[in-house]
Amino acid sequence: MDIQWNILAEYAPFFLKGTLLTIGLSLAGILIGTILGLFIGLGKMMKNKLLSFPFGLYITLFRGTPMLVQIMLIHFAVVPLFTGGTNGIAAAILTLSLNSAAYIAEIFRAGIQSIDKGQMEAARSLGMTHVQAMRYVILPQAFKRMIPPLGNEFIVLIKESSLASLVAAPELMYWGRAMQGQYFRVWEPYITAALIYLVLTLSLSYVLSRLERRLATE
C-alpha cells in the first residue's frame, strides 16, 4: 500500500472543515432528535389509541425506511417547499433529526415503561400531578437506564451523517469523495475518513461511559 502523504497534506484543511461540519450535523441531529423523540415517545404512550396512532405511524415510517431514501426525499422534495431550492446542510440536519427522533422515542418509551408502576402511584399519593411525577420521579430514574441505548444511537448518528455527502453537504465524506475523484486514489481518503470517524465515536463512547459511571448507584 503506497500512501501519498503529499495529497493528504493538501487535503488536510478540507478534512478539518469536513470534520467540524460532521460534528455540527451530528450535534444538531442529537439535540433536535432527543427533544422530538421525548415528545413522540410520550405521545405513543398515550392510552387513547386514536391520539397515539400518529406517533406510532411516525416511528414505523422512519424506522422502516432507509435513511438514504429519507435524505433524498427531504433534499429534493421537502426542503425546496420551504426555501425554494435545495440545501444539503438543511436536508442533512432535518433528516438526521427526524430519523433519530424515531429511534430515541422508542428508547424513551422503553426506559419509562421499565420503571415500576408503584413509583408513579407513590408520587401521586404525595400530591404530585402526573406531569410532576414524570418530571421529578420517573424520568430521572428512566434516564439512567436510557444512557447505553442512547449512546449507541448517537454513535450510529455520527456514522450515518456520512450520507450527507450524497446531497453535497461538505462534511467529512464529501471531501473524501472529492479527494478520491481528483486523484483516483482510494486508500488515502477513505482510511483518513475512517480514522476520523473512529476518533469521534470513541470520544463519544468515553464521555457516555464517564456519565454512566457518574450516575451509577450502588
Side-chain angles (χ1 to χ4, degrees), residues 1-37 61-80 82-83 85-104 107 149-208:
M1 184 169 59
D2 178 29
I3 298 293
Q4 295 187 9
W5 298 100
N6 59 322
I7 64 174
L8 276 176
E10 179 187 338
Y11 262 82
F14 300 114
F15 277 118
L16 177 60
K17 288 196 297 184
T19 302
L20 293 176
L21 183 58
T22 293
I23 294 172
L25 293 175
S26 302
L27 286 177
I30 289 170
L31 290 175
I32 300 172
T34 301
I35 295 170
L36 286 176
L61 286 176
F62 275 93
R63 292 179 70 193
T65 55
M67 186 182 279
L68 176 62
V69 176
Q70 295 166 15
I71 198 170
M72 290 299 178
L73 283 172
I74 289 173
H75 180 63
F76 290 111
V78 177
V79 172
F82 298 96
T83 64
T86 57
N87 184 310
I89 294 177
I93 291 175
L94 193 57
T95 306
L96 291 171
S97 302
L98 294 177
N99 183 277
S100 66
Y103 288 92
I104 292 172
I107 293 171
L150 279 176
N152 289 334
E153 173 58 25
F154 295 161
I155 287 170
V156 169
L157 192 68
I158 290 175
K159 293 186 290 185
E160 289 192 333
S161 68
S162 62
L163 291 176
S165 66
L166 299 176
V167 292
E171 46 73 69
L172 185 55
M173 273 304 295
Y174 174 90
W175 291 113
R177 294 176 65 199
M179 184 180 180
Q180 190 264 332
Q182 180 176 351
Y183 291 103
F184 299 102
R185 300 284 298 179
V186 175
W187 291 109
E188 292 85 352
Y190 294 127
I191 287 181
T192 303
L195 289 175
I196 295 173
Y197 278 116
L198 186 62
V199 170
L200 293 178
T201 55
L202 287 178
S203 300
L204 180 60
S205 297
Y206 175 76
V207 170
L208 290 169

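Hydrogens, waters and symmetry mates play no part in the numbers below; they use all other heavy atoms, side chains included.
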*asked:* Testing the basics here: between Leu208 and Gly151, what is the closest heavy-atom pair and its distance to 0.1 Å?
replied: CD1-CA, 3.1 Å

*Test Gln70 against Leu61 for side chain to side chain contact (heavy atoms under 4.5 Å, CB included), laying out the working first.*
CA-CA 10 Å; Gln70 295 166 15; Leu61 286 176; over 6 Å; no

*Nearest 0.5 Å please: distance from the CG atom of Leu172 over to the OG1 atom of Thr192.*
9.0 Å

*Is a side-chain donor or acceptor of Ser165 paired with a backbone partner of Met173 at a separation under 3.5 angstrom?*
no

*Do you know the tightest heavy-atom contact between Ile32 and Ser97?*
CB-OG, 3.4 Å

*Does the side chain to side chain contact (heavy atoms under 4.5 Å, CB included) test come out yes or no for Arg177 and Tyr190, once each step is laid out?*
CA-CA 8 Å; Arg177 294 176 65 199; Tyr190 294 127; 3.9 Å; yes

_Between Leu16 and Trp175, does the side chain to side chain contact (heavy atoms under 4.5 Å, CB included) criterion hold? Intermediate values first, please._
CA-CA 10 Å; Leu16 177 60; Trp175 291 113; over 6 Å; no

*asked:* Would Ile155 and Lys159 count as a side chain to side chain contact (heavy atoms under 4.5 Å, CB included) here? Give the steps.
replied: CA-CA 7 Å; Ile155 287 170; Lys159 293 186 290 185; 4.1 Å; yes

_Reported CD1-to-CG distance for the pair Ile104 and Leu157, which is rounded to 0.5 angstrom_ = 7.5 Å

*Once you round to the nearest 0.5 Å, how far does CG of Leu200 lie from OG of Ser26?*
7.5 Å

*To the nearest 0.5 Å, how far apart are OG1 in Thr19 and CD in Glu171?*
9.0 Å

*Just one of Thr95, Thr86, Leu73, Asn87 clears the side chain to side chain contact (heavy atoms under 4.5 Å, CB included) bar with Val79, so which one?*
Asn87

*What do the steps show when you test Ser100 against Glu153 for side chain to side chain donor-acceptor pair (under 3.5 Å), and what is the final call?*
CA-CA 7 Å; Ser100 66; Glu153 173 58 25; 4.9 Å; no

_Hydrogens and angles aside, do Gln4 and Tyr183 bring a side-chain donor and acceptor to less than 3.5 Å of each other?_
no

_With rounding to the nearest 0.5 angstrom, report the CD1 to CZ distance, Ile71 to Phe76._
10.0 Å

*Please round to the nearest 0.5 Å and tell me the distance separating atom OH of Tyr103 and atom CG of Asn152.*
13.0 Å

*Work out which heavy atom in Arg185 is nearest to a heavy atom in Gln180; give both atom names and the distance.*
O-CG, 2.8 Å

